[in-house]
Amino acid sequence: MRDKEQPKRPNRPKLSLHVPEPSFRPGDTPDFSSLEIPDAGSVPKPDLTASPAETEPLAKTLVRVLDDDGKAVGPWDPKLDADTLRKILRDMVLVRIFDDRMYRAQRQGKTSFYMKCTGEEAIAITTAAALDRDDMNFPTYRQQGLLIARGYPLVEMMCQIYSNKGDKLQGRQLPIMYSDKAHGFFTISGNLGTQFPQAVGWAMASAIKGDSRIAVGWIGDGATAEGDFHAGMTFASVYNAPAVLCVVNNQWAISSFSGIAGAEKATFAQRATGYGIPGLRVDGNDVLAVYSAVRWAADRARSNLGATLIEFFTYRAEGHSTSDDPSGYRPASEAKAWPLGDPIERLKAHLIALGEWDDERHEAVRAECDAQVRSAQKEAEKLGILPEQGRDNVESMFDDVYAEVPWNLAEQRDQAVAEGRD
Amino acid sequence: MRDKEQPKRPNRPKLSLHVPEPSFRPGDTPDFSSLEIPDAGSVPKPDLTASPAETEPLAKTLVRVLDDDGKAVGPWDPKLDADTLRKILRDMVLVRIFDDRMYRAQRQGKTSFYMKCTGEEAIAITTAAALDRDDMNFPTYRQQGLLIARGYPLVEMMCQIYSNKGDKLQGRQLPIMYSDKAHGFFTISGNLGTQFPQAVGWAMASAIKGDSRIAVGWIGDGATAEGDFHAGMTFASVYNAPAVLCVVNNQWAISSFSGIAGAEKATFAQRATGYGIPGLRVDGNDVLAVYSAVRWAADRARSNLGATLIEFFTYRAEGHSTSDDPSGYRPASEAKAWPLGDPIERLKAHLIALGEWDDERHEAVRAECDAQVRSAQKEAEKLGILPEQGRDNVESMFDDVYAEVPWNLAEQRDQAVAEGRD
Amino acid sequence: MPVMNMIQALNSAHRVAMERDPDVVVYGEDTGYFGGVFRVTEGLQKQFGKERSFDAPINEGGIVATAVGMAAYGLKPVIEIQFADYIYPGYDQIVSEVAKIRYRTAGEWSMPMVIRSPYGGGIFGGQTHSQSPESLFTHIAGLKTVIPSTPHDAKGLLIAAIEDPDPVIFFEPKRIYNGPFDGHHDKPVKPWSKHPASEVPEGHYTVPIGKAAVVREGNALTVLAYGTMVHVALAAVEERGIDAEVIDLRTLVPLDIEAIEQSVKKTGRCLVVHEAPRTSGFGAELVTLVQERCFYHLEAPVERVTGWDTPYPHAYEWAYFPGPKRMKTALEKVMAD
Amino acid sequence: MPVMNMIQALNSAHRVAMERDPDVVVYGEDTGYFGGVFRVTEGLQKQFGKERSFDAPINEGGIVATAVGMAAYGLKPVIEIQFADYIYPGYDQIVSEVAKIRYRTAGEWSMPMVIRSPYGGGIFGGQTHSQSPESLFTHIAGLKTVIPSTPHDAKGLLIAAIEDPDPVIFFEPKRIYNGPFDGHHDKPVKPWSKHPASEVPEGHYTVPIGKAAVVREGNALTVLAYGTMVHVALAAVEERGIDAEVIDLRTLVPLDIEAIEQSVKKTGRCLVVHEAPRTSGFGAELVTLVQERCFYHLEAPVERVTGWDTPYPHAYEWAYFPGPKRMKTALEKVMAD
Ligand SMILES: Cc1ncc(C[n+]2csc(CCOP(=O)(O)OP(=O)(O)O)c2C)c(N)n1
Ligand SMILES: Cc1ncc(C[n+]2csc(CCOP(=O)(O)OP(=O)(O)O)c2C)c(N)n1
Ligand SMILES: [Mg+2]
Ligand SMILES: [Mg+2]
């Protein structure tokens, strides 16, 4: 007898499976008016030495600094100088333009794949600003802003995207899977979540060596469901690892909304509670809030107070990647309707409110960034675009599997070179 | 340049790795006087429909019913009748005697391995009492009490332990890795943690089919660190699975104490918070508290209110298994010093306090159980002990890899049979 | 008869199975509302409801583990791992649980389920959208491993897999979802509609698990292939004008050893091809079986054409992928030896 | 020279490596205070402190992942997976990360680490304390796989592995931790002290990775073995009185192909043995390489003696384990063919 054929009990309620459903699907008019958004400045800022339990309320709310008038308010205001803010603003503009150009390059057949971070620029860029230059990131594919903020050359990025002769990764990685040690940017993995506990391992190593540098682990809302998230949290908790652990909750994981990762029942920041580490939930489109939260977490880590989990609440304004068309699973107008706005516009408004910015200067920066991206693109394309690659240097394909090429790879290399490719 | 050779910053504090250490090591005198134990009856009992957030305090405390005088007090008192309590008491006595005999059988060379649940008997046995007979368990190797409480024949268990001719698992599993569908006991895995999300899958299936039966997932404190724990919690949260998820925190995982699984910073019940499901922390040596908590969680699950995580706080009074000698890593006297006592003694005291029990009856039950175990053992040993096994029926080794034996296994079977064993 | 590409055929297999058996449930990352990133499960949620077709959290281990629980309950889960490259987080549940439960319970519990996953290269997917991990499953007793190479077989094999009492790893060669790619990446891709195996019956039928197909008869040598490589091999044989017998294995475990033996004993020569890296690839098992069983018939060493022993390098797609040139060199070598 | 069993030799290797290089850190489940369930890491915490030798949470994926982070930082983690049967939860991190990071970063980052794990059967450990999963690693480009068979080699190979710039999977045949078990389970086990390879230098030395050892010279046939099976093979050859050459591979990847070719070309016959299940076991790769490279020297099919294609059945330990009887039957077969 199969289990399910056992007699049912009519005096018991029938169980049913709950399958989370996002608020809006194609055809619906998105309306976020019921979304609870705490006022900017309304959330208290605890001492660095506060116990994780004291910080629990911060995991259920939203740390916000910029109010609707572009003013910075409340205890989380990091009181940054205007130059720093302008640098962040410029970096955000630059990333957005970069994303647009590279997206287009993919559409033009110049490469195989691209992923934008549109709408989420504040998170990586501001984090880079709040960290020390030699802190180490273990990013996902949506933290290109870290590289740009740390001054990694655009041409290098583009060469990677084109897998061309200038690509230091020698055409071995999918576009945007950057790696750069000198910029504290660990090699991006195509496998979701793996980098999160790796960051904790790096932080443990830093602690073992009595170093002062910290590690930053990154993960998306969807990928928090992976076992690696739990591994990272557990090891961070047990060894008090000096790490800042960032969940970028852009509410979507390809076509699945964050409810499929558990967001209906608790915030991602709340996951921290069960590990006895503080969890902060932060408006990811508010540069000042992001800065302040990262700084708070980094300072804790540096003071041997252990890891902090930060949930950056944001919205993935465009498709998941060039392989995705989001209009198949959510209203096309949803991004526009998203109430926490655009991080660039919000910082711009703040700088204008401070009297430190205006539309003309903004437009000038935009034009400057545009020119910078175009010129980088020209330079990169001189070194080739993807469709022309993979013909030369076929023997390089067999390097770096090991430090030294073993006999089997040496034989295969000879064969590949003799044969040529199709 | 290796990363670690980068210049250190003397103005920063030196980071250091924290490695948790149990309170006592061999040579120390265990002293649990600083352990905070809430008074029995002091913890409120929320409505079934209480939100998970409301239940958060229950994850940080300890639900207790039996007070120091053996009285049942407070809102969690399940008010069980004396017959039920006597049945639980007897089952606990029986499991303990069973464990002792089988441990000895291993020492006598009659089998390869054994694992006791000494000190933790209340948890599985009382859970079985609180569940419906057709609810489904996904146990670990320390829930033999579930089988005994549901009346699974001792001889069957012993035949499995001896891998003998009566073993329905045909000698294929390590001793104590029982499986019995009819008793709602899913096949125990040697791989820690795997059963925990499987329980959630069974619960999802029950919900998909509109059934009314629920699943119970089991895991040890040490194994909560596995990714499977997170998988189970995530799927349970997302789909509102009708499951009771039990962490048996006996404070040890072979030689590692629960701090290596994160217990220094938060309780295991608190892990529930981040998934938006209620977490209860329960005195696992208090039969009444265990019963009440399981009932509460089961009732929630049956009412389509989703899963509950229960941490049973207990103490592994003996070695991890026959392969382990705990005096190498903790004081031999620790078990005796453990303040939450012995579940059998505590229930016995309660029944005596109720006027429903006395030492003579207890001794009679003990003797009866002892006789029952001895007679079962005799019967089982008639069917063989391990050292005599594995000679006959060699061809059976090739069955059940698949529903039908494919050609390669048929060939191997022929070879094995022709060859005979060494 | 309807003409389908492989995606449509697989979709149709799901529908047929779900219509016939209310215990079939389908889930995976993005498989619900949207119908999967390759759209294989498109429309199932609409037709069968959210309880039988839904999105799963991004936790491959959890997807497999819950399927174990469902199979234990009595359902027949058909789960999708979005790319075979992402199956590893689920590997423990597959190897330690799915594969062993029937055995360790002496048949008390069985694990009828299908674990579907697009695999293989040829799409510029880089290291993590190109892998061919089949030999990591063929080594695991208790699993069956199936790989179709046409729409017709895809549907028939998937239905057979769903109806099979044992767990089936079902790898779908994503490069040929939309057309029978023969390795000539510079030429336009032919659509399936031009291929006879795109004629796919609307309703229920099965292609038996464990049976290979001789897709081209010949006497000079035997080519053993599966997935995309069936089409590459066929093209290379034709172009080189060799009287080769090409066998599409379709099932790796249990293997159709008779078909292989029969052919190699006839031809006396054998070439084994796959996309996966060479060392410990499934080709090694094939070569070994052939030399164990046909040793005295062999006129030349059995050759392997495989992916290289490196990760899959993005830009070097066509230097990595075992294409027509490499196939032809190998064919010549086996014939010359 | 000191006499050590394999556990002592491995312990000594750790000490030597940790003394020489402050970047070597050692962790795993129960490896810290207690020194591991097989006591291989005993005393390391006391000697080197808790920051260099500690207990890890029960999360094999996390153990490997944190080792990746540590290696990225510049440390050299030596991690223990308590039993090879429990390596699967760490398989994704090993396959997708450890193995591929040097390649995908074109050498910017490397992953020097050792993943140690007791493996193999013969101890009545049932399905989950007996497995031999080596071929699941030999298929993964970027990993080296090492298996010692004596205390002397164990120490020298482990030090070499720790000093190696690449990640090494280091499987320890637990059946021979305490003595060179030859498959005769009914006879008393000889201790290592009676075996010459138990003479182990106190200090630093290495046994090179990638080099096999001819442990018995002969002309009639070549036996390829590793781990416990080296001793079983040697005993069977002696007992059967065959003039066999027995090669202890010691490293599976990179394989000492020269030693193999040289021997098989000399003997013309070959037997491959391992404990792991047959289908897609590492034996398949060995047989394939031999037939690819020595085809015209072979006088008989290469034979395999392996575990069966089933999970490891507890009570049937000695019917599953490839012991003397099965070895002798196979030896006779290869010689007769
Ligand atoms: C282990 C693994 N499983 C599945 C995938 C396929 N995949 C790539 S991105 C993605 C969604 C990730 O969503 P999220 O973590 O929210 O990150 P986001 O894309 O929103 O930044 C999926 C399922 C993968 N890359 N790795
Ligand atoms: C995946 C896996 N890793 C490691 C082990 C080895 N092992 C067996 S029991 C155990 C300790 C488990 O501790 P806990 O979960 O607290 O359960 P308890 O034994 O205390 O009941 C370990 C590490 C295993 N069986 N499976
Ligand atoms: Mg997301
Ligand atoms: Mg425990």
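The analysis underlying the following values was restricted to heavy atoms, covering all of them including side chains, and did not include hydrogens, waters or symmetry mates. Predicted model, so just to flag it, every value in this text is computed and none were measured. Quick note on labels: first sequence line is chain A, next is B, and so on, each numbered from 1.
Counting heavy-atom pairs closer than 4.5 Å to chain C, the top residue among Gly328(A), Gly190(A), Ser112(A) is Gly190(A). Note on Gly262(A), Pro175(A), Ala261(A), Gly227(A): by heavy-atom pairs under 4.5 Å with chain C, the leading option is Pro175(A). The most heavy-atom pairs under 4.5 Å with chain C, out of Ala253(A), Ala416(A), Gly390(A), Ser189(A), come from Gly390(A). Ranking Glu21(A), His18(A), Gln170(A) against chain C, the residue ahead of the rest is Glu21(A), based on heavy-atom pairs under 4.5 Å. Among the candidates Arg172(A), Arg391(A), Met177(A), Gln412(A), the residue making the largest number of heavy-atom pairs closer than 4.5 Å to chain C is Gln412(A).
The two residues Ala67(C) and Pro77(C) come nearest to each other via the heavy atoms O-CG, 3.4 Å.
A donor-acceptor pair under 3.5 Å links the side-chain atoms of Ser321(A) to the main chain of Ser323(A), judged by distance alone. Using a distance-only test at 3.5 Å, with no hydrogens or angles considered, no donor-acceptor pair links the side chain of Gln389(A) to the main chain of Gly171(A).
Residue contact with chain A, scored on non-hydrogen atoms closer than 4.5 Å, involves the side chain of His129(C) exclusively. Both the backbone and the side chain of Leu17(A) come within contact range of chain C, each with at least one heavy atom under 4.5 Å from a heavy atom of that chain. Proximity to chain A (any heavy atom under 4.5 Å) is restricted, for Thr329(C), to the side chain, taken from C-beta onward. With a threshold of 4.5 angstrom between heavy atoms, Ile260(A) approaches chain C through its backbone and through its side chain. Heavy atoms closer than 4.5 Å to chain C are found in both the backbone and the side chain of Pro26(A). Of the two parts of Gln82(C), only the side chain, counted from C-beta on, holds a non-hydrogen atom closer than 4.5 Å to a non-hydrogen atom of chain A. Of the two parts of Ala223(A), only the backbone, made up of N, CA, C and O, holds a non-hydrogen atom closer than 4.5 Å to a non-hydrogen atom of chain C. Of the atoms belonging to Asp228(A), not a single heavy atom falls under 4.5 Å from chain C. In this structure, chain C has a heavy atom under 4.5 Å from the backbone of Asp392(A), while its side chain stays farther away. When heavy atoms are compared at a cutoff of 4.5 Å, Pro20(A) approaches chain C solely by way of its backbone atoms N, CA, C and O. In this structure, the portions of Ser16(A) lying under 4.5 Å from any heavy atom of chain C include both its backbone and its side chain. Interface residue Val401(A): only side-chain heavy atoms are found under 4.5 Å from chain C. Within the 4.5 angstrom heavy-atom criterion, atoms from both the backbone and the side chain of Ile254(A) approach chain C.
The existence of a salt bridge linking Arg326(C) and Glu419(A) is confirmed by a sub-4.0 Å separation between a basic side-chain nitrogen and an acidic carboxylate oxygen. For Arg175(C) and Glu275(C), the salt-bridge test fails: no basic side-chain N is under 4.0 Å from an acidic carboxylate O. Taking 4.0 Å as the cut-off between side-chain N and carboxylate O, Arg316(A) and Asp324(A) count as a salt-bridged pair.
For Lys14(A), the NZ atom counts as loosely surrounded, since its 6.0 Å shell holds 12 or fewer non-hydrogen atoms of other residues, nucleotides or ligands. Counting heavy-atom neighbours within 6.0 Å of Lys190(C) NZ, excluding the residue itself, gives a total of 12 or less. Counting non-hydrogen atoms of other residues, nucleotides and ligands closer than 6.0 Å to CD of Glu332(C) gives a total above 12.
Centroid-to-centroid, the aromatic rings of Tyr114(A) and Tyr103(A) stay 6.0 Å apart or farther. Taking the six-membered ring wherever Trp is involved, the centroid distance between the rings of His230(A) and Tyr275(A) falls below 6.0 Å. With ring centers used as reference points, Phe321(C) lies under 6.0 Å from Phe181(C).
Using a 4.5 Å cut-off between non-hydrogen atoms, the part of residues 83-98 of chain C that approaches chain A consists of Asp85(C), Tyr86(C), Pro89(C).
Summarising the geometry, atom CZ belonging to Phe398(A) is positioned 10.0 Å from atom CG belonging to Asn408(A); distances are rounded to the nearest 0.5 Å. We find the CD-OG distance between Glu317(C) and Ser130(C) to be 5.5 Å, quoted to the nearest 0.5 Å.
Ring geometry for Tyr329(A) versus Phe34(C): interplanar angle over 60°, hence perpendicular rather than tilted (30 to 60°).
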